[in-house]
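Read through the structure below, which is laid out as structure tokens, and then see the notes.
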There are 2 protein chains.
Amino acid sequence: MIGALALAFADILQRDAQAKAPEPGPAASAITLIGHVPGLSIERLRRALSLSHSGTVRLVDRLVADGLAARFSAPDDHRAVALRLTPLGETTCSAILSARQTGLASALAILTSEELQEFGNLAAKLLRGLVSTEDHAYRICRLCNYTACLDCPVEAELA
Amino acid sequence: MIGALALAFADILQRDAQAKAPEPGPAASAITLIGHVPGLSIERLRRALSLSHSGTVRLVDRLVADGLAARFSAPDDHRAVALRLTPLGETTCSAILSARQTGLASALAILTSEELQEFGNLAAKLLRGLVSTEDHAYRICRLCNYTACLDCPVEAELA
DNA sequence: ATTATTATATGCTTAGAGCATACAAAATCG
DNA sequence: CGATTTTGTATGCTCTAAGCATATAATAAT
């Protein structure tokens, strides 16, 4: 039953996010991740998306071709690519995050504020128990609105 | 944050389920759905999986080729296909459900029994608010272990 | 300095998804 | 009751996005 709820919520997030993305699949997550971590490398992006390396390179190729992201050379490591969103990419990122937020909020609207509070507390505890590595944190938070998520339990757990 | 938890849980479910399925993607859900609703038609399966019609037909083709499912003629509608699991399919279905259950349980193990109880209550309330149609119920419960889920809130909401 | 590892890129192949089309059974409507 | 529409499946075709194998450059390790 808890599993069913997780699938239902994940469906909502994916649907709303993908609707604003240039293509289905992990593109929406890639955009929001790059948006949150400017200078992100392809390898870290790959781990967050659980894709193959070539799949990630091609995904980035498409984002660049769509004018949403750009490759720069990472200052500290001349092998790595530093990914950044273009202004158009920033706009898309915001659209994804707000669509995601709207869908989630309407699903949660049935709870009273006390229940929502309690649900959030339990969710935070579960999240802290789940997160192990930094890569995993990026994966879990791949569609998060970081600016809206103060006191992120994932961040707290890693620190 | 609640969204992040949903994605994390959905990841666990998908990963554990797919590990026991013959292929990645919606195959695991298809198997458990047919297992729970013997005689399910391709069209209903299609709606539960949110696939195109041809995609669903090909998926069923593969399940049949793998010896996991079989097509029968639906007694009440001679156009429709009645899908059933083979004995091998039943075995696979059980493996998927128990893998799913194990992963979910270990993620929830951090909660006390009171917290788990409370979390379940809130999840049930949210689920009841989310489910609209029977197709949607099938979709949400696509990886559910129906025999383990007594007092299913989704079922209750539809009745 | 040599070797191993890490980060990226690309050629190649392929699995799985959608669209368009075709056909049969059922439902609807005149 | 016959004609039309809708519904459920099947299949040919195309294509996108994914993986594997391989290559190259930069860094790390020995």
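Throughout, protein chains are lettered first and strands after them, A, B, ... in sequence-line order, and every chain is numbered starting at 1.
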Over all atoms of both residues, closest heavy-atom pair of T133(A) and V131(A): O-CG1, 3.9 Å

Please give me the minimum heavy-atom distance between L45(A) and A30(A), naming the atom from each residue. CD1-CA, 4.0 Å

Would you list the pairs meeting side chain to side chain donor-acceptor pair (under 3.5 Å) in which at least one residue belongs to [range], sequence neighbours left out?
| range | value |
| --- | --- |
| residues 116-129 of chain B | E115(A)-K125(B) |
| residues 88-104 of chain A | none |
| residues 23-36 of chain A | E23(A)-R62(A) |

Does one hydrophobic cluster hold both L51(B) and Y138(B), with members joined at side-chain heavy-atom distances below 4.5 Å? yes

Is L126(A) reachable from F9(A) through a run of I, L, V, M, F, W or Y residues, each pair having side-chain heavy atoms under 4.5 Å apart? yes

Under 3.5 Å, which donor-acceptor pairs link side chains of residues 63-74 of chain A to any protein atom two or more places apart or in another chain?
unit_1, atom_1, unit_2, atom_2, d
R71(A), NH1, D61(A), OD1, 3.0
R71(A), NH2, D61(A), OD1, 2.8

More than 12 heavy atoms of other groups within 6.0 Å of D151(B) CG: no

For [X] and [Y], indicate whether the former's side chain and the latter's backbone hold a donor-acceptor pair under 3.5 Å.
| X | Y | result |
| --- | --- | --- |
| Y146(B) | C141(B) | yes |
| R46(B) | H53(B) | no |
| R139(B) | H136(B) | no |

N/O contacts under 3.5 Å, protein versus nucleotides 24-26 of chain C?
unit_1, atom_1, unit_2, atom_2, d
dA26(C), OP1, H78(B), N, 2.9

Can you measure L51(B) atom CG to dG18(C) atom C1' for me and round it to whole angstrom units? 10 Å

Please give, in whole Å, the distance from dA17(C) C1' to L49(B) CG? 13 Å

Side-chain-base donor-acceptor pair under 3.5 Å for H53(A) and dA7(C): no

Tell me which residues in residues 29-47 of chain B lie within less than 4.0 Å of DNA chain C, going by non-hydrogen atoms. none

Distance (rounded to the nearest 0.5 Å) between L116(A) CG and I2(B) CD1: 5.5 Å

Enumerate the residues from residues 14-23 of chain B whose closest heavy atom to DNA chain D is under 4.0 Å, giving them by residue number; use none for an empty result. none

Using a 4.0 Å cut-off on heavy atoms, which residues in residues 54-64 of chain A reach DNA chain D? List them by number, or say none. S54(A), R58(A), R62(A)

Between L7(B) and Q14(A), is there a side-chain heavy-atom distance shorter than 4.5 Å? yes

Walk along DNA chain D from 5' to 3' and tell me the first and last nucleotide with an atom closer than 4.0 Å to a non-hydrogen atom of chain B. dT7(D) to dC13(D)

To the nearest 10°, give me the bend of the helix from dA1(C)-dT30(D) to dG30(C)-dC1(D), comparing the axes of its five terminal pairs at either end. 30°

Restricting to salt bridge (charged side-chain N to carboxylate O under 4.0 Å, His left out), what partner residues turn up for R47(B), sequence neighbours left out? E43(B), D135(B)

Name the nucleic acid region contacted by P26(B), choosing base, sugar-phosphate or nothing; use a 4.0 angstrom heavy-atom cut-off, strictly under. sugar-phosphate

Pair up each side-chain donor or acceptor in residues 152-159 of chain A with any protein partner under 3.5 Å, not counting sequence neighbours, and list the distances.
none

Start with the C-alpha gap between N145(A) and T147(A), add the side-chain angles, then the distance that decides, and say whether side-chain contact (heavy atoms from CB on, under 4.5 Å) holds. CA-CA 6 Å; N145(A) 187 344; T147(A) 61; 2.8 Å; yes

Would I12(A) and L104(A) satisfy side-chain contact (heavy atoms from CB on, under 4.5 Å), going step by step from the backbone distance to the final call? CA-CA 7 Å; I12(A) 291 172; L104(A) 194 58; 5.6 Å; no

